[in-house]
2 protein chains.
Amino acid sequence: MPSRATVPAFRPLYRQIQDLIVQALADREWLPGEMIPSEMDLAARFEVSQGTVRRAIDELAAEHLLVRRQGKGTYVATHADPRAFFRFLRLIPDDGSVPRSRSEPLECQSLRAGQEVAKALAINHGDPVLQLRRILRFDGEPVVVDEIYLPADLFPNLTLDQLRASDRSLYTLFESLFGVRMVRAEEKIRAVAADAVAAQVLGIEPGTPLLSVERTAYTYGNRPAEWRRGLYATANHHYFNELG
Amino acid sequence: MPSRATVPAFRPLYRQIQDLIVQALADREWLPGEMIPSEMDLAARFEVSQGTVRRAIDELAAEHLLVRRQGKGTYVATHADPRAFFRFLRLIPDDGSVPRSRSEPLECQSLRAGQEVAKALAINHGDPVLQLRRILRFDGEPVVVDEIYLPADLFPNLTLDQLRASDRSLYTLFESLFGVRMVRAEEKIRAVAADAVAAQVLGIEPGTPLLSVERTAYTYGNRPAEWRRGLYATANHHYFNELG
DNA sequence: CAGTGGTCTAGACCACGTG
DNA sequence: ACGTGGTCTAGACCACTGA
């Protein structure tokens with residue numbers, strides 16, 4: 001008679017199947033964009049009923065790890081899907097238009113994690129990290145300047161040239177070059193005044209109010225794999241959020 | 001043979017049941033906090049299997065319209081539940097503490113909807129609305145000043161005294177006094193400089209960067225029932241958001 | 001047409017809360 | 001002990017896609 005009050009004494013089968021599928025994803029058994037085996041095949045493989053596999057996949061699809069397509073199959077989600085882009089960048093033009101966005105990398109250097117970065121990435125103070133700086137433009141107009149920190153071991157030999165050569169989103173690049181897929185993120189938002197550097201880069205007056213958006217992004221298994229601070233110009237754009 | 005290409009030609013049973021349950025909620029058949037009939041009872045009432053009712057309830061629980069409690073029953077969600085509070089107010093102290101929040105109503109007047117308010121509330125220009133102004137304090141410190149617009153027909157005879165008499169959240173008040181339950185909301189966030197009024201109310205310097213948070217809140221059936229603009233002081237607090 | 005996911009049912013059994 | 005929601009199964013049939 002166990003006396004563990006806090007630990008859920010019981011783990012449903014479909015959650016165990018869910019874990020096995022996530023493990024297979026983390027092990028790159030199926031790559032982003034690829035189709036995974038049918039529900040029947042997975043049921044046979046895990047020796048459970050199709051309904052149990054179905055429930056596991058349902059939850060993973062709700063978390064955007066998988067994508068169901070009726071009549072075709074179930075696919076590994078990918079940032080190459082344009083819908084994924086706006087799930088992570090919530091800045092949109094006030095007029096409702098859909099901008100052509102373009103990332104302009106400025107810098108990519110190796111350095112050691114400071115206190116703040118180490119804590120956010122759950123690594124040790126002094127561990128090697130990559131620092132990127134980049135501008136994001138909407139239809140040519142600079143709207144965001146980002147400072148991005150990555151744990152170096154997950155992104156071996158990432159160079160400024162690689163970043164410049166890509167016309168896709170950063171997360172798409174991380175996914176295809178390093179197999180690191182960002183699955184969810186948390187953001188802390190504040191209002192700050194533009195400093196001289198940000199003002200120059202964004203083409204605004206120093207002191208202009210900007211959104212400061214600090215983000216920690218997580219890959220499979222809730223492992224933090226990126227920390228960034230963005231400064232968003234909100235003269236003609238706004239951060240959109242849905243409260244469910 | 002219908003030729004509607006855009007309309008989903010097929011509406012699953014569980015969605016129809018879902019609609020019937022939402023209708024019953026909108027009709028106040030079961031009030032916030034009350035228990036609804038068991039799955040078996042509902043299955044008998046709608047003449048479907050228990051599994052179909054279950055699926056309908058699952059989705060409504062995911063949307064926070066209902067709350068399941070194993071071993072007890074299924075309940076109508078209510079803003080009286082403290083968890084609901086932080087679903088709609090995403091501002092939290094930087095130090096992670098849980099503040100004692102208190103709403104301080106300043107003003108409550110009837111007026112006519114201007115263009116912006118009318119559009120947000122999906123009513124006509126010139127229709128009667130209520131305007132509230134209030135300060136929100138965390139542990140006594142002013143952190144938010146809000147300007148709130150309500151369609152007058154949904155909130156008959158709301159007075160400043162009623163607002164002042166309550167120590168609960170606004171949405172809890174709306175729910176208990178008028179049976180209007182806010183179900184979801186959309187927010188547009190910008191960085192702005194504090195004007196003289198906001199600076200005075202929040203006890204900060206004019207020109208200090210603030211978050212401008214414009215919210216449209218919806219009740220059952222996606223009907224807009226509130227529009228507000230809040231100015232959030234983010235010196236010691238931040239807006240927290242989770243990107244799924 | 002075959003193969004995939006999507007719906008619906010019926011029944012057995014488990015976990016939880018309350019008497 | 002009872003009633004609630006939660007899990008798991010098996011099977012039938014529907015809807016969608018693409019060859």
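Lettering of chains follows the sequences in order, A, B, ..., and the numbering in each one begins at 1.
- For the pair B/Leu150 and B/Leu121, the tightest heavy-atom approach, listed with the atom from each and the gap, is C-CD1, 4.2 Å.
- In this structure, the CG atom of B/Asp58 is 12 Å from the C1' atom of D/dT7, given to the nearest Å.
- For the residue pair A/Ser97/A/Asp95, the side-chain donor-acceptor check at 3.5 Å is satisfied.
- Not one side-chain nitrogen or oxygen of B/Ser38 sits closer than 4.0 Å to the OP1 or OP2 atom of D/dG3.
- Counting to the nearest Å, the P atom of D/dA19 and the NZ atom of A/Lys72 are 9 Å from each other.
- At D/dT7, one or more side-chain N or O atoms of A/Arg55 fall inside 4.0 Å of OP1 or OP2 (strictly under the cut-off).
- In the set C/dT7, D/dT7, C/dT9, C/dT7 carries the atom at the smallest distance from any side-chain atom of B/Phe10.
- In this structure, B/Thr74 reaches the D/dG5 phosphate: one of its side-chain N or O atoms is under 4.0 Å from OP1 or OP2.
- For the pair B/Ile57 CD1 and D/dT4 P, the interatomic distance rounds to 12 Å; values are reported in whole Å.
- Taking only side-chain atoms of A/Gln70, from C-beta outward, the nucleotide of C/dG6, C/dA10, D/dT9 with the closest atom is C/dG6.
- The stretch residues 72-96 of chain A participates, sequence neighbours left out, in these ring-ring contact (aromatic ring centres under 6.0 Å, His included) pairs: A/His79-A/Phe88, A/His79-A/Tyr171, A/Phe88-A/Tyr171.
- Rounded to a whole Å, the CZ atom of B/Arg69 is 17 Å from the C1' atom of C/dA15.
- At the heavy-atom level, B/Glu39 lies under 4.0 Å from the strands shown only through sugar-phosphate atoms.
- Separating the CD atom of A/Gln50 from the C1' atom of D/dG11 is a distance of 10 Å, rounded to the nearest angstrom.
- A straight line from CZ of A/Phe46 to C1' of D/dC8 spans 17 Å, rounded to a whole angstrom.
- Per the geometry, CG belonging to A/Leu13 stands 12 Å off P belonging to D/dA10, to the nearest Å.
- Between A/Tyr14 and D/dC8, a side-chain N or O to OP1/OP2 separation shorter than 4.0 Å is absent.
- Listed nucleotides C/dT9, C/dG5, D/dG6 differ in distance to B/Arg68; the shortest reach to its side chain belongs to D/dG6.
- Remark: B/Arg15 CZ is packed, more than 12 non-hydrogen atoms of other residues, nucleotides or ligands lying under 6.0 Å away.
- Phosphate contact (OP1/OP2 of C/dG6, side-chain N/O of A/Arg54, threshold under 4.0 Å): present.
- With hydrogens and angles left out, the side-chain atoms of A/Tyr14 and A/Asp58 include no donor and acceptor closer than 3.5 Å.
- As rounded to whole Å, 17 Å separates atom C1' of D/dC14 from atom CZ of B/Arg11.
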